[in-house]
Structure formats: C-alpha cells, structure tokens
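Letters go in sequence order (proteins before strands), and every chain restarts at 1.
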Amino acid sequence: MKDTSAVAMFKVKPDRASEFLFKDAFGDVFILAWTTTPWTLPSNCALTVGPKLDYVRVKTFNPYTHEPNTVVLAKARLNAYFSEKGKDVSFEDYKKDGKSIPWTVDGEFYGHQLEGIRYEQLFSYAQPTGGDAFKVIGGDFVTTEDGTGVVHTAPSFGADDMRVARQHGIGTLTLVDLQGRFTPEMGEFAGKYVKNEYYPAGQAPEKSVDVELSIRLKEMGRAFKVEKYEHNYPHCWRTDKPILYYPLDSWFVRVTAKKDRLIALNKTINWKPESTGTGRFGNWLENLQDWNLSRSRYWGIPLPIWRTEDGDEELCIGSLKQLKEEIARAVKAGVMTADPYASFDPADMSDANYDRVDLHRPYADNIVLVSPGGKPMKRETDLIDVWFDSGAMPYAQWHYPFENEATFKETFPADFIAEGVDQTRGWFYTLHAIATLTQDSVAYKAVVSNGLVLDKVGQKMSKRLGNAVDPFKTLDAYGADAVRWYMISNASPWDNLKFDAEGITEVQRKFFRALFNTYNFFALYANIDGFDGNGEAALTESDRWILSRLNSVMKLADANYADYEPTVAARAIQDFVVEDLSNWYVRLNRRRFWKGELGADKNAAFQTLKRCLEVVAMLSAPIAPFFTDRLYRDLTASSVHLSNWPKHNEALIDAELEARTALAQKLTSLVLSIRKKEGHRVRQPLQQMMVPVTDATMRTRLEAIRELVLGEVNVKELVILDASESKLTKKIKPDFKKLGARMGKLMKSVAAAVNGFDQAQIAELETKGAMKLTVEGQEVEVLRDDVEISAETIPGLSVAADGPLTVALDITLNDALLQEGIARELVSRIQTLRKESGFEITDRVQLHILDNGDARFAQAIRTHAPYIVAETLAVTPEDQVLVSTLSPEGPGIHEVELDEVLRCALSLVRSAN
RNA sequence: AGUCCUGUAGCUCAGUUGGUUAGAGCGCUACACUGAUAAUGUAGAGGUCCGCAGUUCAAAUCUGCGCAGGACUACCA
C-alpha cells in the first residue's frame with residue numbers, strides 16, 4: 001500500500017557526547033530518521049543506529065524552510081536524499097527553491113560514536129515513563145537498505161523497538177488508545193484515528209493524521225523529505241484493515257528457562273520428515289521466546305490468577321478444590337457474600353458434579369479472593385491462549401492429575417500425532433512445551449507433519465480460486481478406499497500432493513481390480529471344488545515363491561508402517577498384488593485351480609492363494625479399511641480389523657528362489673521379445689532356446705527354472721551353453737566402481753582400453769584372471785573381477801539380451817511343431833466359442849471337426865486329439881473328433897480361422913452328460 | 001527478511017556409500033494375446049535430471065551461488 005512517509009529531523013542537544021557534530025556546524029544539527037508511520041512520531045523515545053555502520057555529517061539547507069542545517073545519516077544512504085547536482089555547490093548559489101540544494105559532506109564516523117547523544121523531543125504532547133528517553137542507542141537490526149540508517153524508535157509500536165529500548169533502559173510513551181485513536185494528551189489530534197481505515201465508512205477525514213503530522217513537521221522546519229511510499233504493511237486477514245501494534249500487559253510462561261530440555265527432548269522425537277524436526281521446529285526452539293498466554297476475549301478459559309489491586313500479592317489457583325478453599329476464606333473475610341460453587345463437591349469426579357460449575361469467563365470474574373494480607377484479590381481479566389488447551393489435551397482428556405493416573409501413565413506419551421506442517425508453532429509446540437514443563441517428557445514419540453493437498457497443477461486449493469476439490473463428492477464418486485489408497489501410495493504424507501482424480505481411477509483399475517479379480521478367480525474355483533481351507537497340500541516351487549514374496553512384502557510393509565512410511569508400504573503391497581500375485585502366480589498356476597480333482601496339488605494352490613489374499617487384506621487394511629474388510633470376511637468370515645497384525649516368517653523367505661524367479665521372468669520377457677521380432681506367436685511351439693552362462697550360480701538357477709520358462713514361452717528345450725563355447729562372441733564392460741577406485745585418474749584411459757579388447761583379449765583375461773596394460777605410460781593390472789564379460793551373440797540364431805543375460809532362440813519349424821501349433825490354435829478357438837456360446841466353465845461338450853482336406857491339419861488333429869479333448873472338456877471319443885461330415889446340421893456349427901490360410905468347420909454343442 | 005521443503009519423460013513418482021545406456025507406472029503409437037482380467041505381453045517415440053560455477057578420473061547424487069513453486073515465522077523504521 002502507499003502511505004505518507006516522512007524523514008523527520010531530530011535536533012541534537014549540544015553536550016560532550018555530541019561535541020564533534022557541532023564543530024563548524026552549518027546551522028542547527030539534526031539526526032535524520034525515516035518513518036512510514038508518522039503517527040508514531042509523537043510517541044518517539046529514542047533513535048537507533050547501527051553501531052558498525054558508517055555515518056556522515058552533511059551541511060545543507062532545509063528543503064522546505066531553506067534554513068542552513070547540518071544533518072546526520074548513514075553514508076550508504078547519501079544518494080537517496082542528495083542529488084549529485086548539488087554536491088559541493090557553493091552555498092551562496094542556493095536559490096531557496098528546494099531544487100538543486102547544495103550539500104557537502106563534512107565528517108564521517110561510526111554509528112557507535114553517535115550512541116549516547118541526546119536530542120530534543122520532536123512533539124512534546126507528553127513525556128515517556130519508565131526510563132530514559134530521547135537518546136541515540138545502538139541496534140544490530142538497523143540496515144541501510146532504505147531510510148536513513150537511523151531508526152525512529154517508538155517502543156510502543158514495534159517488537160524490535162521495544163526490545164532495543166528495553167536493552168538501553170529507554171521508557172515508553174503510548175499516545176494511541178486501544179481503539180487506534182490518539183489519546184487526550186495529543187491536543188488537536190486527540191480522538192483522531194491514526195489510520196483512516198479505522199473510521200466508519202464515509203467518515204474518514206480528507207487528510208490522514210500521517211499527512212497532518214507531516215505538514216506540521218514541514219512548518220516546524222523538522223521535515224527533510226515527505227513523500228508517498230509504497231510498502232507492505234501487515235493487514236488483518238478478516239477486515240483487511242491495517243494492523244496496529246500495541247503494548248499490552250501480558251502473562252507469559254517462562255519456557256525459555258527450560259529451553260535446553262525442550263531441545264534435548266525434541267531430539268528424541270521421530271519427525272516425519274526429519275528435516276521439519278531439526279530444521280523448522282528445531283530452529284524455532286533454538287530461538288525460543290517466552291510463551292505469551294494472555295488473550296483478550298470476553299468468553300473463554302480464564303487465567304487462574306488473582307491479584308491485589310497494588311499487585312503486591314497474587315495467587316495462582318491449581319484446582320477447584322483449592323479455589324473453593326480460597327472462596328471459603330474470602331467469604332469468611334467478607335469480600336464475597338457466598339460460594340457460587342457451593343453445590344460442587346471436590347471429591348466427586350462425576351460429570352453431574354462438574355456440570356454444576358462453570359469456570360469460564362465471564363463467570364469466573366465474579367470471584368474475589370482474599371490475600372494473606374487481608375486485601376481483596378481480583379482475577380486477572382485475560383484469558384488463556386486456546387493453544388494451551390490443545391497442548392494440555394493429553395492430561396485434560398483424562399482429567400489428570402485429579403484422577404485416572406494409571407490410564408494416563410499408560411497412554412502417555414503418545415506413539416504418534418499427525419497434523420499439518422503449519423502446526424509447527426501451534427499444536428506441535430504446545431504439546432511439547434507443556435509435556436516438557438510438567439512431565440519432563442515428550443508428549444509424542446513420533447510426529448507426522450502432513451503436507452498440503454494441491455490441485456493437479458500444483459496450486460494451493462482455495463475457495464477463491466475455485467480449484468478446491470469437494471472431498472465428499474470425491475468420496476461418493478470413487479469410494480473412500482480408492483481415494484485413500486491413491487493419496488497414500490502417490491506421495492508421502494509430508495510431501496505436497498498434486499490431487500488428480502485420474503490418479504484415483506488408475507488406482508481402482510490397477511490395484512483394486514487386480515485384487516478383486518484375483519479373489520473372484522479364487523472364489524470361483526474354490527466354490528466349484530468345495531475347498532474348505534483344509535486338506536493335505538504339496539507346495540510347488542511357485543507356491544513357495546509367492547509365499548516367499550508374500551513374506552518379504554510383509555516384512556517390508558511392517559517395517560515401513562512402523563517407521564511411519566506408509567507410502568513405501570502401500571507401493572510394495574500394490575506391486576505384489578499386481579505383478580507377483582495377479583500377473584505371474586495366478587496366470588502361471590491357473591490350470592492347477594480348475595484341472596482335475598481336489599488333491600494335494602490343488603489344495604496347495606488354493607491354500608497358497610488364500611493365504612496371499614488374507615495377508616494382503618490385513619496389510620492393506622490400514623489404508624483401505626472397507627474393501628479389505630469385505631475381502632477378509634469373504635475369505636474367513638471374520639473382520640480384518642479384529643485380526644492380529646501379520647508377522648512375516650523369515651523361514652519362508654527364500655532369497656535364492658526369488659532371485660531365480662526374477663531370472664525366469666526376465667528370460668521369458670526376452671524370449672517373447674524374440675518371438676515378437678520373428679513373428680512367431682506364443683501358441684506355436686519352438687524347438688530350442690539357448691542361454692550362455694558365465695558362472696555356476698547362473699547355471700544352477702537356470703536348471704531350476706527350466707520347466708517354468710519352457711512352459712511359459714512354449715519352447716521344447718533349454719540348452720545351457722558354457723561360456724567357453726567358441727561360437728559365442730562376447731562383450732566386455734569395465735566395472736567403473738571397482739576399477740575406478742583402483743585406477744583413479746587413469747580410469748578414462750583404462751576404460752577405453754578395456755572397451756577396445758578383441759575376442760582374443762577377452763578370452764585371455766577370462767582364462768588368466770588378470771591382464772597387464774600400459775596406459776599413459778604406466779603399467780596397470782586389470783583383474784577378471786574388474787570387468788563384466790557377457791555373451792553378445794550366438795551366430796546364426798535370433799538373440800536378445802538384457803544386461804549380462806543373453807538368450808538365443810531357434811526358430812526353425814518342423815511338421816511336428818507345426819501340428820502342435822495347429823492343435824493349440826484349435827483349442828484356443830474352441831475355448832473362445834465355448835465362452836461365446838454361453839457355456840459354463842464346467843460344461844461338457846460334443847466336439848467334431850470337419851476334415852478340410854489339408855493333410856497336415858488332419859494329422860495334427862489325430863495326433864493331438866487327447867490334448868484337444870481334455871482342454872476343451874469334450875466328451876467326444878478321441879478317434880471321433882475328426883469327421884468327414886458334420887451332422888446334425890444345426891446351431892453348433894462354426895467356421896473358424898486358424899491362421900491366414902488355414903480354416904476349418906466344427907460343431908460344438910453342450911453335452912447332456 | 002529468515003528457516004524449511006520441492007524441482008528427474010506430457011503426467012505421477014523411484015533413483016542405494018558419487019560409477020558410465022537415468023528407471024517404473026499412466027498416457028501416446030504399433031503389434032500380439034485374451035476361458036480370471038475394461039487385464040496382460042512386446043516394441044517404439046518421449047530427458048540440457050531447474051540453471052550456473054566448483055570439487056572429482058567420474059555428479060541426477062557432494063559444495064556454493066542463483067531461479068521457480070510451496071510452507072511457516074518475523075518484520076519492514
């Protein structure tokens with residue numbers, strides 16, 4: 001806002017301290033001080049200079065009265081008030097027009113040389129009380145960024161001013177009342193508001209007091225510069241009017257006396273994120289001020305302090321029991337007529353009893369006590385800061401220390417609290433302060449300071465901008481669980497969240513749908529088979545794998561929940577459900593669920609999947625309480641929220657098994673990539689894949705996952721090639737971490753040399769285990785361990801590689817492979833037809849395939865009839881599947897395409913038996 | 001003004017004690033697959049890791065100075 005600002009001239013009194021300013025002075029000597037609030041000038045009590053700043057004495061003319069003047073200001077501010085044109089111009093040439101005022105610097109000194117100088121009061125409406133006044137003092141906060149480098153100090157209207165004035169024994173003068181009007185002492189200004197904004201609408205005078213006082217200064221010859229100045233002045237957030245700082249008597253809690261304990265105890269608190277505890281909150285504690293408890297309001301919790309009128313005797317009441325005793329004394333002494341709480345029994349902790357008293361202001365104001373000296377004591381009228389209530393919550397909620405001591409001790413301190421990070425100075429602090437002062441303890445062991453929820457472009461949500469998301473509409477649209485899962489999994493609670501509803505639909509689509517579908521899959525077959533959770537189980541490798549993964553996730557989620565890292569936990573659970581459980585375990589094992597009778601193998605599959613679903617429900621329950629409860633109830637017929645928190649079983653975690661399954665997944669992906677590249681769909685079996693290995697671990701792992709991978713990629717055999725196979729070409733890559741540590745500056749050249757190795761050199765390093773090189777004139781030794789050697793290609797085969805893993809695929813086809821491919825295609829088509837025809841999964845069918853005259857096709861069906869019949873749940877005898885005519889004609893006849901050229905007709909009807 | 005947080009693909013985020021081809025998901029493009037799946041698989045396009053300077057053989061990572069966004073606190077004489 002733009003306000004009238006003034007540079008006032010404070011007339012220096014000649015004495016020993018100011019002697020040097022008067023030597024050869026040009027007229028009177030003044031110190032210049034700038035203010036954007038001229039209404040504070042009558043309350044001026046001191047001038048503050050920066051002790052280490054440079055100041056100058058300038059001879060010049062007053063721009064309004066044109067009198068000769070000698071003025072003092074900071075050297076750094078000279079060019080703000082004096083134009084270059086007037087510099088050292090002869091004083092005789094001044095035309096007294098306020099333009100091109102001549103000036104000359106005569107004398108330079110430090111601020112501390114000015115300290116102690118006295119000056120005449122600017123406006124003498126009233127005199128300060130409670131100390132010295134009208135003296136130059138030193139303060140570190142003085143800058144030369146604006147103003148004159150001298151701060152007009154009115155202790156009544158600014159915290160810095162008050163602090164520096166106190167330090168120097170300066171008194172105060174407050175010529176403004178609580179309504180923001182000048183006091184009666186102010187003569188013609190008395191009763192005027194110091195800010196025009198305080199007048200009722202339409203009643204503000206044309207000239208604000210700032211303007212009037214500035215005019216007065218000019219007339220007095222005490223104005224050096226008056227202008228409109230743009231600055232930020234604090235405004236009330238509700239009324240948008242300028243705020244007035246005003247000195248009030250207040251009651252403080254001297255928390256600074258316990259500062260060290262506050263800091264020490266804070267260091268034991270687990271802050272999330274840590275930086276808020278050490279940074280924002282820690283710094284706040286380092287710069288701790290006493291806690292101002294006083295608040296001036298009509299209704300609220302009163303300060304329990306009674307004082308005599310002269311303030312000599314005072315009493316702080318600690319309980320209702322004590323208050324009643326004091327009231328009894330007061331009644332006896334005659335200062336009160338009766339006990340207003342007569343019906344209250346201090347020994348009775350019941351609600352009914354407490355309903356009989358109201359200790360709030362204004363009721364408590366009627367209580368007058370009697371001092372030991374026999375004088376009446378009235379309650380201090382201030383209320384207690386409501387933040388005190390929040391900080392007192394741990395005790396107040398149990399009515400401790402008056403009762404419930406055992407319960408309190410059990411629940412205090414809290415395991416954790418969570419609130420917005422803006423509560424640093426609020427709840428986080430008051431809880432901590434009261435706990436430290438009263439219990440010498442923390443109030444909470446951990447604190448999560450939540451970040452903000454921003455809109456999707458990162459703007460703070462506000463009603464004003466209209467970008468606020470309605471939480472209830474969001475919950476209605478997406479459900480509480482999806483919203484919660486989105487919020488928790490997307491960003492840590494203390495990070496700001498860019499809220500985007502599309503993120504919620506993604507969570508629904510990925511996590512919840514995968515979980516739901518997995519459950520549905522389980523339930524479908526478990527119901528068909530009447531699985532009851534019991535029965536002998538023979539765990540397969542993939543059962544043990546998913547259980548290992550499950551236990552790993554339990555371990556990780558548990559540790560991260562315990563460390564208040566729910567985001568890490570949620571992501572781990574989600575990845576497990578989507579990737580491991582749904583996309584790998586269920587997909588690979590689905591045949592086990594629907595094929596055959598309920599036996600040890602099927603039982604193992606059911607039990608494993610059920611266990612996974614149960615644990616996922618339990619692990620996810622803190623974030624998605626509704627969905628998981630339903631899931632858990634459907635699985636176990638009891639509530640997930642009554643279940644015990646699942647603990648991982650270290651014995652079920654098999655790192656080697658997890659590693660080799662990861663290898664299988666990677667290998668599978670590589671083979672699928674080759675198939676894609678070569679145009680061979682997965683249903684077409686291929687004869688052989690080859691993987692070169694360079695170490696024994698890899699070989700062992702490959703042996704273990706052989707069947708798994710072959711089944712997954714539909715290849716007949718896996719050949720593990722020894723690294724020494726001559727037909728492999730290899731590539732070599734330096735391990736920068738290992739090599740760099742040893743090579744230092746030579747690293748670049750060594751890396752270049754290693755990368756340039758030919759096949760013979762690579763082989764040499766592999767066999768000998770070390771190799772000497774000369775690089776930049778120095779001999780260095782490269783060890784086998786310093787490099788990564790892997791197979792690059794296998795000549796003549798289609799190859800794919802990912803890091804050190806390489807796989808080659810033999811893509812030549814023979815009749816047997818082609819026939820098997822045809823059979824698989826047929827099964828796939830028939831399965832689709834079953835689905836399209838609306839058959840139930842368990843329905844049996846009659847299947848007949850018309851011979852289309854293609855010899856290979858006929859042969860494929862004859863050879864693979866048992867497979868086709870089994871897969872499609874056909875009851876047709878194997879030798880009757882292939883027919884030369886289809887009968888009866890009817891709705892079960894279908895024409896199917898097997899590939900671009902091959903097509904056939906078949907009949908598919910539901911079988912009665 | 002001080003303190004603190006954040007800045008990596010169009011979007012949301014990972015990225016270990018600094019180590020060379022910076023990752024994932026979504027979205028986009030193409031193809032495939034589809035009897036659990038509005039799923040999935042494969043490939044592609046998409047990056048000055050906010051900028052500058054420094055330390056180092058090597059910086060998204062460490063240091064300094066800035067910039068942008070955000071939070072809090074104080075204050076502007």
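Nearer the 5' end of RNA chain B, as judged by each residue's closest nucleotide, is the contact made by A:Trp584, out of A:Gly149 and A:Trp584. Between A:Ser828 and A:Thr153, the residue whose closest nucleotide on RNA chain B is further toward the 5' end is A:Ser828.
Between A:Tyr525 and A:Phe593, the ring centre distance reaches or exceeds 6.0 Å. Between A:Phe157 and A:Trp39, the distance from one ring center to the other falls under 6.0 angstrom. Aromatic rings from A:Trp271 and A:Phe428 are positioned such that their centres are separated by under 6.0 Å.
Distance check on atom P: B:rC50 versus B:rG7 gives 8 Å, rounded to whole Å. Rounded to whole Å, the P atom of B:rA60 lies 9 Å from the corresponding atom of B:rG19. Comparing the same atom, C1', in B:rC4 and in B:rA74 gives a spacing of 15 Å after rounding to whole Å. Comparing the P positions of B:rU56 and B:rU73 gives a spacing of 43 Å, expressed to the nearest Å. Using atom C1' as the reference point in both B:rA22 and B:rU42, the two lie 22 Å apart (nearest Å). Taking atom P on both B:rC28 and B:rU21, the two are 32 Å apart, rounded to the nearest angstrom. A gap of 8 Å separates the P atoms of B:rG41 and B:rC26, to the nearest Å. Spacing between B:rU61 and B:rU55 at atom C1', rounded to whole Å, works out to 14 Å.
Across all strands shown, B:rC4 pairs with B:rG70; the Watson-Crick or G-U wobble distances both stay below 3.5 Å. Base-pair partner of B:rA45: not found among the strands shown (Watson-Crick or G-U wobble, both distances under 3.5 Å). B:rA39 is unpaired under the criterion used here, namely a Watson-Crick or G-U wobble arrangement in which both key atom distances are under 3.5 Å. Nucleotide B:rA59 has no partner under the Watson-Crick or G-U criteria, as no pair reaches both atom distances under 3.5 Å. The partner of B:rC26 is B:rG10, by the rule that a Watson-Crick or G-U pair needs both atom distances under 3.5 Å.
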Going 5' to 3' through nucleotides 1-6 of chain B and flagging B where a protein heavy-atom sits under 4.0 Å of the base, S where only the sugar-phosphate is that close, and - otherwise, we get --SBS-
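Atoms OH (A:Tyr486) and C1' (B:rU12) sit 7 Å apart, rounded to a whole Å. Note: CZ (A:Arg571) to C1' (B:rG15) measures 12 Å, nearest angstrom. Spacing between atom CZ of A:Arg675 and atom P of B:rU42 amounts to 14 Å, rounded to whole angstrom units. Put simply, CG on A:Asp575 is 16 Å from C1' on B:rU40, counting in whole angstrom units. Regarding A:Gln665, its CD atom lies at a distance of 16 Å from the C1' atom of B:rU42, rounded to whole Å. If you take CG of A:Leu588 and C1' of B:rU40, they are 13 Å apart, rounded to a whole angstrom. Residue A:Phe157 contributes atom CZ, which lies 20 Å from atom C1' of B:rA74 at whole-angstrom precision. Remark: C1' of B:rA74 and CG of A:Asn292 are 15 Å apart, rounded to the nearest angstrom.
With contacts defined as side-chain heavy-atom distances shorter than 4.5 Å, the pair A:Glu506/A:Tyr486 does not qualify. Contact annotation: the side chain of A:Val150 never approaches that of A:Leu32 to less than 4.5 Å [non-hydrogen atoms, C-beta and beyond]. At least one side-chain heavy atom of A:Leu285 sits less than 4.5 Å from a side-chain heavy atom of A:Tyr429. Looking at A:Asp529 and A:Phe606, their side chains come closer than 4.5 Å, going by heavy atoms from C-beta outward. Using a 4.5 Å heavy-atom threshold, the side chains of A:Ile269 and A:His432 count as touching. Considering only heavy atoms from C-beta on, A:Asp385 stays 4.5 Å or farther from A:Asn292 through its side chain. You'll find the side chain of A:Gln684 stays beyond 4.5 Å of the side chain of A:Glu825, heavy atoms only. Residues A:Trp584 and A:Ser542 are not in side-chain contact: their nearest non-hydrogen atoms beyond the backbone lie 4.5 Å or more apart.
Expressed to the nearest 0.5 Å, how far CG of A:Leu609 lies from CG of A:Leu635 amounts to 8.5 Å. Note: A:Leu213 CG to A:Arg222 CZ = 14.0 Å, rounded to the nearest 0.5 Å. Taking NZ of A:Lys225 as the start and CG of A:Leu217 as the end, the distance is 15.5 Å to the nearest 0.5 Å.
Taking only side-chain atoms of A:Thr36, from C-beta outward, the nucleotide of B:rA36, B:rC76, B:rU40 with the closest atom is B:rC76. For A:Asn583, whose side chain is taken as the heavy atoms from C-beta onward, the closest listed nucleotide among B:rU40, B:rU42, B:rC13 is B:rU40.
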Polar atom pairs (N or O), protein with nucleotides 22-32 of chain B, under 3.5 Å:
from   : atom 1 : to       : atom 2 : distance (Å)
B:rG25 : O3'    : A:Lys510 : NZ     : 3.1
B:rG25 : O2'    : A:Glu506 : OE2    : 3.1
B:rC26 : O4'    : A:Glu506 : OE2    : 3.3
B:rC26 : O3'    : A:Arg509 : NH2    : 3.1
B:rG27 : OP1    : A:Arg509 : NH2    : 3.4
B:rC31 : O2'    : A:Lys676 : NZ     : 2.4
B:rC31 : O2     : A:Lys676 : NZ     : 3.2

Enumerate the protein-to-nucleotides 57-60 of chain B contacts in which both atoms are nitrogen or oxygen and the separation is below 3.5 Å.
from   : atom 1 : to       : atom 2 : distance (Å)
B:rC57 : N1     : A:Gly744 : O      : 3.1

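Residue contacts for A:Arg513: at a heavy-atom cut-off of 4.0 Å it reaches the sugar-phosphate backbone alone, with no base atom in range. Residue A:Thr40 is out of contact with every strand shown, counting any heavy-atom pair closer than 4.0 Å.
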